[in-house]
Amino acid sequence: MIIHAIRVQPANANGVSRTAITKYLKSEFQYEKATQIKNSLKKAIEKGKLIQTGQSFLVAGDPIPERPVEPKVKIDDTKEGSGPVAEAGDTVVVKYEGKLDDGTVFDSASSFEFTLGAGDVIKGWDQGIAGMKVGGKRKLHVPSMLGYGKRGSAPDIPGSADLHFKVTLKGIK
């Protein structure tokens with residue numbers, strides 16, 4: 001029953017959590033004996049039928065799910081600056097224009113200030129602006145997971161939208 005519960009659940013790279021296994025057994029078989037489930041998992045590990053990673057379990061011999069590839073910002077330096085390099089913790093001042101895939105401009109500013117790496121802006125900016133030199137210009141292609149994700153940012157940015165920015169690093173404070 002436990003092996004079936006593991007195989008029918010969506011697994012991450014570590015397997016299926018004990019909580020998910022217990023919930024499945026409860027919903028499908030009205031089986032709620034947590035101590036017996038825990039003991040069964042332990043015995044299956046001892047017999048080599050299951051592999052445990054933390055609180056997650058995989059069936060021995062089953063293919064291990066691949067870890068999803070983390071999205072990355074695509075960076076194209078169009079002009080290298082000659083000033084200091086922007087690093088996490090710096091307060092940076094940028095000029096930018098943001099567009100959607102279809103070319104629609106959704107935002108722009110001639111002077112925008114934020115702390116790099118502090119989560120003040122989308123993750124794509126924290127990644128894409130780090131390493132720029134003052135005076136430099138960069139094009140950033142930010143995948144939606146590093147932008148506004150599935151929700152988007154109404155009304156201008158739809159869900160799952162990739163974002164394109166032209167950024168100039170004007171200064172570091």
Side-chain angles (χ1 to χ4, degrees), residues 6-24 51-59 62-173:
I6 292 170
R7 286 183 170 152
V8 298
Q9 308 251 5
N12 64 32
N14 293 329
V16 177
S17 72
R18 179 173 32 207
T19 303
I21 294 166
T22 302
K23 284 181 180 178
Y24 177 81
I51 299 167
Q52 182 178 6
T53 304
Q55 293 296 313
S56 296
F57 301 86
L58 291 168
V59 177
D62 280 2
I64 296 172
E66 290 185 29
R67 290 189 186 268
V69 175
E70 282 294 316
K72 293 190 172 142
V73 175
K74 292 180 186 153
I75 297 171
D76 177 21
D77 283 310
T78 55
K79 177 187 173 193
E80 187 171 344
S82 57
V85 175
E87 298 175 345
D90 288 341
T91 299
V92 297
V93 181
V94 298
K95 173 184 175 181
Y96 73 93
E97 178 180 70
K99 293 183 179 183
L100 301 174
D101 281 335
D102 67 3
T104 302
V105 175
F106 62 84
D107 197 13
S108 65
S110 60
S111 184
F112 178 72
E113 182 177 312
F114 67 97
T115 302
L116 190 60
D120 293 347
V121 292
I122 59 174
K123 289 180 184 178
W125 267 35
D126 277 339
Q127 289 179 16
I129 293 174
M132 277 185 85
K133 292 181 180 179
V134 172
K137 294 183 179 188
R138 211 172 242 189
K139 289 182 183 177
L140 305 176
H141 174 223
V142 179
S144 78
M145 287 180 61
L146 297 175
Y148 294 97
K150 292 179 183 177
R151 289 188 330 225
S153 182
D156 299 318
I157 302 171
S160 301
D162 288 352
L163 308 174
H164 305 270
F165 293 95
K166 290 181 182 176
V167 181
T168 301
L169 182 56
K170 294 175 68 173
I172 298 174
K173 291 188 172 183

Undergrad: If I take atom CG from residue D76 and atom NZ from residue K137, how far apart are they, to the nearest 0.5 angstrom?
TA: 13.0 Å
Undergrad: Looking only at heavy atoms, which two atoms of E97 and K99 are closest? And how far apart?
TA: OE1-CE, 3.2 Å
Undergrad: Report the distance from atom OG1 of T168 to atom CD1 of I129, rounding to the nearest 0.5 Å.
TA: 10.0 Å
Undergrad: List the atom of V59, the atom of R7, and the distance in Å for their closest heavy-atom pair.
TA: CG1-NH2, 3.3 Å
Undergrad: What are the two closest heavy atoms between L100 and A161, and how far apart are they?
TA: CD2-CB, 4.2 Å
Undergrad: Output the distance between atom NZ (K166) and atom OG1 (T78), rounded to the nearest 0.5 Å.
TA: 8.5 Å
Undergrad: Quick one: pull up CG in L58 and CD in Q52 and give me the separation to the nearest 0.5 Å.
TA: 10.5 Å
Undergrad: What side-chain donor-acceptor pairs closer than 3.5 Å can you find for residues 80-89, not counting sequence neighbours?
TA:
from : atom 1 : to   : atom 2 : distance (Å)
E80  : OE2    : K133 : NZ     : 3.1

Undergrad: Please round to the nearest 0.5 Å and tell me the distance separating atom CD1 of I21 and atom CD of Q9.
TA: 7.0 Å
Undergrad: Could you tell me which residues satisfy salt bridge (charged side-chain N to carboxylate O under 4.0 Å, His left out) with K150, sequence neighbours excluded, listed by chain and number?
TA: none
Undergrad: Between atom NZ of K79 and atom CE of M132, what is the distance when rounded to the nearest 0.5 Å?
TA: 10.0 Å
Undergrad: Just one of D107, V92, V167, V121 clears the side-chain contact (heavy atoms from CB on, under 4.5 Å) bar with F112, so which one?
TA: V121
Undergrad: The criterion is salt bridge (charged side-chain N to carboxylate O under 4.0 Å, His left out); which residues satisfy it with K170, sequence neighbours excluded?
TA: none
Undergrad: Mind checking ring pair (Phe, Tyr, Trp, His ring centres under 6.0 Å) for F57 and listing every partner two or more places apart, or none if nothing turns up?
TA: none
Undergrad: Kindly give the heavy-atom pair with the smallest separation between S144 and S160, and that separation in Å.
TA: CB-C, 3.4 Å
Undergrad: Which residues pass the side chain to side chain contact (heavy atoms under 4.5 Å, CB included) test with D77, not counting sequence neighbours?
TA: I75, R138
Undergrad: State, to 0.1 Å, how close G15 and S56 come at their nearest heavy-atom pair, and which atoms those are.
TA: C-CB, 4.0 Å
Undergrad: Not counting sequence neighbours, which residues clear side chain to side chain contact (heavy atoms under 4.5 Å, CB included) with K123? List them please.
TA: L146
Undergrad: Testing the basics here: between D126 and A130, what is the closest heavy-atom pair and its distance to 0.1 Å?
TA: O-CB, 3.5 Å
Undergrad: Out of the candidates V73, L116, V94, only one should pair with W125 under the side-chain contact (heavy atoms from CB on, under 4.5 Å) rule; please name it.
TA: V94
Undergrad: Could you walk me through whether L163 and I122 pass side chain to side chain contact (heavy atoms under 4.5 Å, CB included), step by step?
TA: CA-CA 11 Å; L163 308 174; I122 59 174; 4.0 Å; yes
